[in-house]
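A single structure is presented below for examination.
Within every chain, numbering begins at 1; the chains are lettered A, B, ... in the order of the sequence lines, protein sequences first and strands thereafter.
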Amino acid sequence: MPRYNPAVLEPKWQTYWDQHKTFASPQMPVGAKCYVLDMFPYPSGDGLHVGHPEGYTATDIVCRAARMQGRSVLHPMGFDAFGLPAEEHAIKTGQHPRIQTEQNIANFRRQLKMLGFSYDWDRELATTDLNYIHWTQWIFLQLYDTWFDQEHQRGKPIDQLPIPESIAAEGDKAVIAYQDQHRLAYQSEAPVNWCPALGTVLANEEVINGKSERGGHPVVRRPLRQWMLRITAYAERLEKDLEGVDWPTGVKTLQRNWIGRSTGAEVNFIIRGAKSEERRTKDEGDVIRVYTTRPDTLFGATYMVLAPEHPLVERLTTAENQQEVATYRDKAAAKSDLDRTDLAKDKSGVFTGSYAINPVNDEQIPIWIADYVLISYGTGAIMAVPAHDQRDFEFAQQYGIDIKSVVEPGPNATSDYSLKGPPKDGPGKTADDKDQVFTGEGIAINSGDFNGLTTEQFKQKITAWLKAQGHGHQAVNYKLRDWLFSRQRFWGEPFPLLHELDDQRKPTGNIRPLEAKDLPLNLPHLEDFKPHGRPEPPLDSAPDEWLYPVIDGTTYKRETNTMPQWAGSCWYYLRFLDPSNEQALIDPEIEQAWMPIDLYVGGAEHAVLHLLYARFWHKVLFDRGWVSTPEPFHKLVNQGMILGEDGGKMSKSRGNVVNPDEVVAEYGADSLRLYEMFMGPLEATKPWNMDGVNGVHGFLHRVWRMIVDEKADELILNSAVTDERLTQAQARVLHKTIQAVTQDIAKLEFNTAIARMMEFTNFFTKQDSRPREAMEKLVLLLSPYAPHLAEELWQLLGHSDTLAYEPWPEYDDALIAEDELEIPVQIKGKVRSKIRVPAGADQGAIKAAARNDPRIIELLAGKQIVKTIVVPGRLVNFVTR
RNA sequence: GCCGAAGUGGCGGAAUUGGCAGACGCGCUAGACUCAGAAUCUAGUGCCCGUAAUGGGCGUGGAGGUUCAAAUCCUCUCUUCGGCACCA
């Protein structure tokens with residue numbers, strides 16, 4: 001019995017595609033190119049989740065349709081295979097993480113092939129492959145070899161860094177140190193998230209509210225020597241180039257917020273009693289520099305705050321405040337992230353005993369330290385304007401500091417009041433009001449010559465004035481921080497760097513990068529993966545022959561940190577273009593031919609970090625001439641999350657996880673693919689429903705029966721499939737379907753495309769004669785969605801070759817057009833009747849037809865028509881009194 | 001608190017240059033086939049009123065507004081989800 005049996009038919013075609021290398025893509029595109037990429041998965045031990053095939057099916061449909069439309073398609077898949085779970089598994093079992101990783105990859109590959117995706121498997125890669133690590137390390141060396149020329153906004157080779165004469169005069173050591181300070185990869189003593197319970201250092205993303213994401217153990221901050229990447233140098237370009245990419249606005253906004261560009265002014269406050277106070281000079285050591293986005297509120301500054309870690313704190317603290325300041329600083333230093341967020345509501349701080357002079361009015365204001373000011377943003381010091389800043393207001397209230405209003409809401413002010421709401425006496429009343437804060441823009445008061453200016457005008461004037469007087473200048477700041485790039489883990493790429501040792505085996509501070517010819521540097525063999533409870537990296541216990549190479553008689557120690565998981569995912573899209581190149585990262589001609597990526601689909605969880613890091617690396621490679629486009633991902637789409645049947649997030653603990661293997665076993669891959677596309681818009685969050693899978697499976701079965709004679713003993717065509725010509729009605733349905741499906745694929749609206757094919761099927765199953773032409777074209781339209789079924793039916797319809805490169809069906813507008821239309825007739829906006837008119841009827845004819853409709857005549861009897869609206873092809877509306 | 005996305009039948013969702021709300025599917029109801037079930041097929045299915053219809057009313061989170069006409073545009077508001085969270 002030739003029933004529709006995916007369990008037989010799907011493996012058959014998967015084998016066919018594999019053996020014929022149906023989806024191998026050309027090295028260089030022929031004609032129009034189409035590079036469509038999925039965010040590659042981390043091969044976890046749990047296997048594929050139903051969320052994965054959602055995006056993968058969407059891109060697969062786009063690719064399969066594009067091939068049929070004659071474009072050269074590049075559609076690769078790989079594995080983001082470094083990561084903590086494999087390392088934890090290794091710690092538990094003593095088995096090398098590579099073994100676990102390879103098993104997981106094999107399982108993922110099996111599942112992906114089971115779903116019939118048209119990947120070019122010859123390009124498969126994993127970030128853990130030695131020949132991939134090779135080029136990850138090579139890119140790191142590029143970063144290490146690059147400095148950022150602020151003036152030209154461009155990364156350049158380090159040997160082109162201009163060395164100031166004063167540095168050059170000090171000798172080679174000073175020059176090297178100077179270069180090291182400017183590299184995009186540099187070392188820094190940075191606080192890391194050390195988790196004593198897990199015995200490891202964690203990435204920021206792995207710390208949630210001061211506790212480890214896994215296990216919920218406390219995490220403390222402690223300083224360690226780290227490798228940093230100078231992503232902040234690229235902040236401006238990373239922000240600006242977002243304009244040119246076709247991304248969801250939400251993702252762009254997220255990235256902009258993360259980069260956090262703000263403009264304002266840096267202002268120098270002179271320390272009272274400093275030598276230069278009388279002379280009002282700009283002696284560096286005698287000023288506190290602050291950053292503000294509201295220089296127009298300078299007259300309202302009633303105190304200053306330095307971050308506890310600010311270098312001037314020691315000097316500013318008077319003898320009688322020594323004890324208190326020291327205690328506060330110690331406490332602040334020991335604070336974990338959890339404490340910081342917990343204490344966010346209560347402001348705390350201590351007075352240093354010193355005062356500074358406000359350059360705009362020479363007033364003396366007290367200098368405090370408080371941990372609500374961060375050393376890492378701006379200058380690490382602020383002027384505090386409690387009347388117009390929420391945080392300063394809370395602090396001033398707590399410590400009884402003066403509050404002085406200098407802005408009042410303008411005539412068309414939006415209410416930007418906090419705490420006590422708008423002033424009781426109306427919008428004009430703000431001056432000296434001590435129990436509210438106004439953070440909006442408005443009109444200046446209590447500001448000397450600047451009174452009456454709007455906030456915008458004031459900002460411009462005061463910035464110019466500060467510059468003229470030498471008290472400050474305009475400034476731009478970014479929230480973005482440099483990227484902490486090293487991890488104290490085993491299962492990651494080793495850094496291709498050596499630390500020079502002296503005779504006593506102490507580091508001299510000199511770094512020696514590996515030469516390109518010495519790459520890749522593989523991970524050493526480790527006997528023991530167990531954490532040793534110290535924050536030094538696991539690679540510190542590597543065998544000496546790995547750890548201490550001797551080159552030209554000098555002993556070195558290898559860098560024992562490893563790279564974060566992001567490193568591999570930062571550039572995999574480039575390697576897919578030329579995966580087996582051993583001479584270079586990528587062949588420039590191939591790169592130019594395929595880049596940028598036309599469509600990149602993945603989860604919204606990567607909206608910031610992965611996409612920002614990858615853009616950063618790409619821009620460095622662009623500056624250094626290795627890639628030809630300033631941005632890697634032209635169009636980005638986030639697939640929505642699939643929730644469990646109970647409407648909650650899928651999780652093992654909720655017991656609502658849907659396993660793709662089980663769905664395929666019961667309904668087949670085509671049904672899973674089709675269901676995931678039919679659930680709703682690609683980008684929407686939507687709940688799973690097994691009945692829905694059964695529903696689309698029923699549709700595929702109906703397609704099967706429309707074409708196959710299920711009652712016959714062998715696989716033959718349904719006798720209703722004939723070589724007759726299409727009737728006019730049949731042609732209209734066919735061409736409407738082609739049109740809708742074609743347009744919907746371009747818009748990535750797969751759910752409605754499937755609905756149109758269902759309508760087609762509902763129509764044609766009722767036809768006694770189903771012309772072969774219509775059946776063949778439907779099979780082609782359906783093939784991107786349900787490729788196995790489509791190939792099987794295509795073969796049955798008499799074709800010996802795969803349909804993967806058959807020309808996409810064309811539609812004819814003339815055949816779609818109806819001769820006669822039914823249009824509604826409204827009276828006062830309510831539909832009262834419907835009339836049939838010829839498709840080309842003009843306004844007068846339609847109106848006449850409407851007037852002559854018996855029901856309309858009846859309803860309009862005795863009524864006076866004040867107005868008639870006729871929209872040809874749409875409706876008629878009679879407006880009566 | 002700030003930013004972003006979204007609220008349409010019992011459910012997933014269609015329809016936004018303003019022009020018949022509910023395409024398509026699930027579910028449900030009735031019927032056919034069957035010993036019975038599964039599967040399949042046929043008809044119906046937004047809510048309320050009505051014996052009935054080619055009948056009447058209501059209806060896209062809520063309240064107003066613009067318009068001949070609003071799910072769609074404007075104002076206010078509520079709810080849900082996601083992100084950020086002392087960034088001066």
Before giving the answer on side-chain contact (heavy atoms from CB on, under 4.5 Å), spell out for A:Val696 and A:Met758 the whole-Å C-alpha distance, their side-chain angles and the decisive distance to 0.1 Å.
CA-CA 9 Å; A:Val696 294; A:Met758 287 173 168; 4.2 Å; yes
Using Watson-Crick or G-U wobble geometry with both distances under 3.5 Å, which nucleotide pairs with B:A14?
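None - no nucleotide pairs with B:A14, as no candidate has both distances under 3.5 Å.
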Across all strands shown, which nucleotide pairs with B:G1 by Watson-Crick or G-U wobble geometry, both distances under 3.5 Å?
B:C84
Just by protein heavy atoms under 4.0 Å, how would nucleotides 15-28 of chain B read 5' to 3' in B, S and -?
----BB--BBSSS-
Is any side-chain nitrogen or oxygen of A:Lys867 closer than 4.0 Å to OP1 or OP2 of B:C68?
yes
Is there a Watson-Crick or G-U wobble partner for B:U79 with both distances under 3.5 Å, and which nucleotide is it?
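WC or wobble partner is B:A6.
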Strictly by Watson-Crick or wobble contacts shorter than 3.5 Å, is anything paired with B:G44, and which nucleotide is it?
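Across any shown strand, B:G44 pairs with B:C28.
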With both distances under 3.5 Å as the test, what is the Watson-Crick or G-U wobble partner of B:C20?
none
OP1 or OP2 of B:U54 under 4.0 Å from side-chain N/O of A:Arg832:
no
Gap between atoms CG and P, on A:Leu374 and B:A85 respectively (whole Å)
11 Å
For B:A5 versus B:A63, give the span between their P atoms, rounded off to a whole number of Å.
25 Å
Using a strict 4.0 Å threshold on nitrogen-to-oxygen distance, state whether A:Asp744 and A:Arg756 make a salt bridge.
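Answer for the salt bridge query: no.
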Can you tell me the base-pairing partner of B:A70? Count Watson-Crick or G-U wobble geometry only, both distances below 3.5 Å, and say none if there is no partner.
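No nucleotide pairs with B:A70.
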With A:Arg294, the side-chain hydrogen bond (donor to acceptor under 3.5 Å, both in side chains) member among A:Thr292, A:Thr297, A:Asp296:
A:Asp296
Will you find, in the side chains of A:Glu394 and A:Gln390, an N or O donor that is under 3.5 Å from an N or O acceptor?
yes
Passing option when A:Tyr675 is tested against A:Tyr785, A:Trp688, A:Tyr667 for ring pair (Phe, Tyr, Trp, His ring centres under 6.0 Å):
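That would be A:Trp688; it is the only one of A:Tyr785, A:Trp688, A:Tyr667 passing the ring pair (Phe, Tyr, Trp, His ring centres under 6.0 Å) with A:Tyr675.
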Looking only at the side chains, is there a donor atom on one of A:Asp482 and A:Thr232 sitting less than 3.5 Å from an acceptor on the other?
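Yes, because at least one side-chain N or O of A:Asp482 sits under 3.5 Å from a partner of the opposite role on A:Thr232.
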Please determine, for B:U51, whether a Watson-Crick or G-U wobble partner exists with both distances under 3.5 Å, and give it or none.
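Across all strands, not a single nucleotide pairs with B:U51.
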Quick one: on RNA chain B, does A:Ile375 or A:Arg705 contact a more 5' nucleotide (nearest heavy atom)?
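The answer here is A:Arg705.
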Are A:Arg615 and A:Trp258 in a cation-pi setup, meaning NZ or CZ lies under 6.0 angstrom from the ring centre and within 45 degrees of the ring axis?
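Here A:Arg615 fails the 6.0 Å and 45° test against A:Trp258.
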